[in-house]
Colleague: 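The structure follows.
When a ligand or atom number is given, it counts from 1 through the structure's own listing order. Just so it is clear, the values below take in all heavy atoms, side chains as well, and ignore hydrogens, waters and symmetry mates.
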Amino acid sequence: MKKSDNPIFVTQPDLPEIQEFIPYLEQIWDNKILTNNGPFHRQLEKELANFLNVPYISLFTNGTLALVTALQVLRITGEVITTPYSFVATTHSLWWNNIKPVFVDIEPKFCNLDPEKIEAAITPKTTAILPVHVYGNPCEVERIQEIADIYGLKVIYDAAHAFGVRYKRQSILNYGDLSILSFHATKVFNTMEGGAIICHDAATKQRIDYLKNFGFAGETTVMAPGINSKMNEMQAALGLLQLKHFEKNILKREIILKKYREALSVIKGISYLEEKVNIKYNYSYCPIFVDEKELGITRDQLYEKLKENNIFGRRYFYPLISEFPMYKGLDSSQAANLSEAHKIANSVICLPIYPSMDLDIIEQISHIINKK
Ligand SMILES: *Cc1c(COP(=O)(O)O)cnc(C)c1O
């Protein structure tokens with residue numbers, strides 16, 4: 001089997017044909033509205049709310065600022081329970097709000113925050129739970145809500161991976177008090193950079209929209225030290241176009257992921273996440289987990305081996321967020337038993353998956369793994 005001539009990366013951003021985008025640009029140039037809730041921005045909010053089946057959505061210039069703002073709109077303070085197994089922006093959003101992250105271990109089956117370990121981490125200062133639907137796999141939303149209701153905590157989901165995911169036939173984004181999306185280039189739905197907050201009522205959306213525009217609640221009223229995190233018209237226009245191609249792209253991803261599973265199921269020492277019934281997936285990532293004893297080589301050896309063959313997987317999420325210098329010293333990082341998260345972080349590789357990916361790559365990869 002020959003080595004791939006071009007480097008194959010973990011993802012390749014989906015883009016429409018450039019010709020399709022030109023008329024949108026012409027419209028922006030004609031009407032000279034570039035940002036501040038322009039016509040494409042309003043149209044994208046409307047179309048996304050319909051498409052995702054959510055009541056209210058506020059667009060942002062990126063997902064990280066959406067997370068930061070979500071914590072502010074609910075006036076979250078003190079301590080927040082979160083997962084160490086995520087992209088670092090999840091915890092950074094707490095840091096930017098002067099909130100102490102309290103890391104709780106994950107359950108190994110779907111790599112999400114383990115609800116059974118949340119209660120032990122609650123203190124009088126706890127105000128919220130910030131779980132992540134890792135790889136687009138829904139958290140145990142009912143159990144998390146039950147705990148939040150008992151202790152009077154807010155729940156904010158980092159749903160950066162979960163665009164389009166449905167659980168029990170309804171959008172996963174409707175669970176919790178707020179959900180946050182990212183439309184970064186690497187995500188299943190991208191506006192180059194972009195993000196959003198999903199909320200349940202008009203009053204909350206109004207306050208989110210103030211906060212993303214410096215806190216302006218009218219010409220002369222500033223309600224809080226808001227940030228500037230507005231989505232611009234180019235991003236919104238691209239979003240409108242991307243939305244037209246979304247379902248088709250997810251179908252292609254599904255074919256790729258199923259083919260991976262078929263190829264990998266016969267390899268001893270490699271495991272992957274199972275699908276659950278009553279979930280509509282978006283097939284955003286293809287994580288595999290290396291059992292080094294069974295496979296005979298370590299995760300990092302396999303990762304390097306793939307790289308030598310021009311296949312650039314990524315170790316999402318390694319290291320754990322609790323291992324980075326700014327969080328490592330926290331007593332909550334030191335004391336917590338994060339053993340499941342460590343095990344997963346030390347065994348994971350995310351393999352390339354994107355709609356235009358050549359299916360031959362899967363064969364190449366399983367060949368490389370088999371040969372070791
Ligand atoms: C991508 C991502 C973010 C950050 O979103 P940006 O749009 O890149 O700012 C936050 N959380 C998770 C889990 C992510 O994967």
Colleague: Picking from Phe324, Phe87, Tyr327, what satisfies ring pair (Phe, Tyr, Trp, His ring centres under 6.0 Å) with His92?
Modeller: Tyr327
Colleague: In the protein, what heavy atom is nearest to atom 4 (C) of ligand 1, and what distance, to one decimal place, separates them?
Modeller: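 Minimum-distance protein heavy atom for atom 4 (C) of ligand 1 reads Thr64 OG1, 3.6 Å.
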Colleague: Hey, quick one: are Leu181 and Leu241 part of the same hydrophobic cluster, counting side-chain heavy atoms closer than 4.5 Å, chains of contacts allowed?
Modeller: yes
Colleague: Hey, does Ser86 sit under 4.0 Å from ligand 1 if you only count heavy atoms?
Modeller: yes
Colleague: Is there a donor-acceptor contact under 3.5 Å from the side chain of Tyr354 to the main chain of Phe9?
Modeller: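 Checked: no pair found.
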Colleague: Looking just at side-chain N and O atoms, do Ser339 and Asn337 make a donor-acceptor pair shorter than 3.5 Å?
Modeller: yes
Colleague: Would you mind checking which non-hydrogen protein atom is closest to atom 8 (O) of ligand 1, with the distance to 0.1 Å?
Modeller: His184 CB, 3.7 Å
Colleague: Nearest protein heavy atom to atom 1 (C) of ligand 1, by residue and atom, and its distance?
Modeller: Lys187 NZ, 1.7 Å
Colleague: Report the part of Asp158 in contact with ligand 1, treating N, CA, C, O as backbone and CB onward as side chain, heavy atoms under 4.0 Å; options are side chain, backbone, both, neither.
Modeller: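 Contact part for Asp158 vs ligand 1: side chain (C-beta onward).
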Colleague: For the residue pair Lys230 / Asn228, report whether a side-chain donor-acceptor contact shorter than 3.5 Å exists.
Modeller: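 Their side chains do contain a donor-acceptor pair, which is all the 3.5 Å distance test asks for.
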Colleague: Measuring from atom 7 (O) of ligand 1, which candidate in Ser182, Ala66, Ala162, Ser93 has the nearest non-hydrogen atom?
Modeller: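 Nearest option to atom 7 (O) of ligand 1, by heavy atoms: Ser182.
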Colleague: Would you check the N or O atoms of Gly63, main chain and side chain alike, for any that come under 3.5 Å of an N or O of ligand 1?
Modeller: yes
Colleague: By number and element, which atoms of ligand 1 are closer than 4.0 Å to a non-hydrogen atom of Thr90?
Modeller: 11 (N)
Colleague: Among Ala159, Ala160, Gly194, which one has a heavy atom closest to atom 14 (C) of ligand 1?
Modeller: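 Residue with the shortest heavy-atom distance to the ligand atom: Ala160.
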Colleague: Tell me whether His161 has any N or O atom under 3.5 angstrom from an N or O of ligand 1.
Modeller: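 Such a contact does occur with ligand 1.
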Colleague: How far is atom 3 (C) of ligand 1 from its nearest protein heavy atom, and which residue and atom name does that atom have?
Modeller: Phe87 CD2, 3.7 Å
Colleague: Looking at ligand 1, is there an atom of it that comes within less than 4.0 Å of some heavy atom belonging to Glu193?
Modeller: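 Heavy atoms of Glu193 never come under 4.0 Å of ligand 1.
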Colleague: Measure from the side-chain N and O atoms of Asn112 to the backbone N and O of Glu140, and report whether any donor-acceptor pair falls under 3.5 Å.
Modeller: no
Colleague: I want to check a possible cation-pi pair here: Lys212 against Phe60, using under 6.0 Å from ring centre and within 45° of the ring axis as the test.
Modeller: yes
Colleague: Does a sphere of radius 6.0 Å around CZ in Arg75 hold more than 12 heavy atoms from other residues, nucleotides or ligands, not counting ones at 6.0 Å or beyond?
Modeller: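 No, not enclosed.
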